[in-house]
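All values derive from a computational prediction rather than experimental measurement. Computation of the quantities below employed the complete heavy-atom set of this structure, encompassing side-chain atoms and omitting hydrogens, waters and symmetry-equivalent molecules.
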Amino acid sequence: MEFLVASAIGVLTSAGLYLLFRMRTFPVILGISLLTYAVNVFLFASGRLSTGAPPILQKGVDGVIYSDPLPQALVLTAIVISFGMTAVVVMIALGAYLGGDDDKVNDAVEPSSKRAEDAT
């Protein structure tokens with residue numbers, strides 16, 4: 001089960017990075033979302049992967065592997081925050097697309113010699 005979760009985290013991370021390096025705004029938003037999902041699964045897996053185990057320790061039970069509830073609470077909080085931030089970023093990107101009729105990121109780097117000529 002650990003190999004499956006680790007593979008899923010790797011696939012989500014690689015797909016998120018691929019989309020993040022695109023030069024369009026909406027694939028970048030999807031890439032950031034996939035990276036957030038990868039981090040959420042990683043945090044969730046850090047609380048131990050066990051099936052049928054109680055979330056907390058009970059009195060009189062020794063030697064039982066339990067899952068830690070703290071990473072689960074952190075993941076729930078991260079899901080809510082990332083959903084809200086994704087909605088905000090989508091609205092900003094949609095406004096930029098409707099204002100410019102293109103969603104290409106135009107961050108061309110000027111050569112340093114041209115910047116030096118412009119300064120003088």
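Residue F44 is grouped with residue I79 when hydrophobic side chains (ILVMFWY) are merged at heavy-atom distances under 4.5 angstrom, including chains of intermediate members.
Atom CG of L19 is separated from atom OG of S33 by 9.5 Å, given to the nearest 0.5 angstrom. Annotation: the span from T86 atom OG1 to L30 atom CG amounts to 9.5 Å, rounded to 0.5 Å. The distance from the CG atom of L76 to the CG atom of L43 is 11.5 Å, given to the nearest 0.5 Å. Here Y37 contributes atom OH and L12 contributes atom CG; the two are 9.5 Å apart, rounded to the nearest 0.5 Å. Between F26 atom CZ and I29 atom CD1 the span is 5.5 Å, to the nearest 0.5 Å.
Two residues are said to be in side-chain contact when any heavy atoms from C-beta on lie closer than 4.5 Å; S82 and M85 fail this criterion.
Residues V28 and L20 share a closest heavy-atom pair of CG2-O, 3.6 Å. When all heavy atoms are compared, the tightest approach of A45 to V5 is CB-CG1, 3.9 Å.
Taking a 4.5 Å side-chain heavy-atom cut-off between Ile, Leu, Val, Met, Phe, Trp and Tyr, the cluster of I92 extends to V88.
Within the structure, side-chain hydrogen bond (donor to acceptor under 3.5 Å, both in side chains) pairs that include any residue of residues 10-21 comprise Y18-R22 (at least two apart or interchain).
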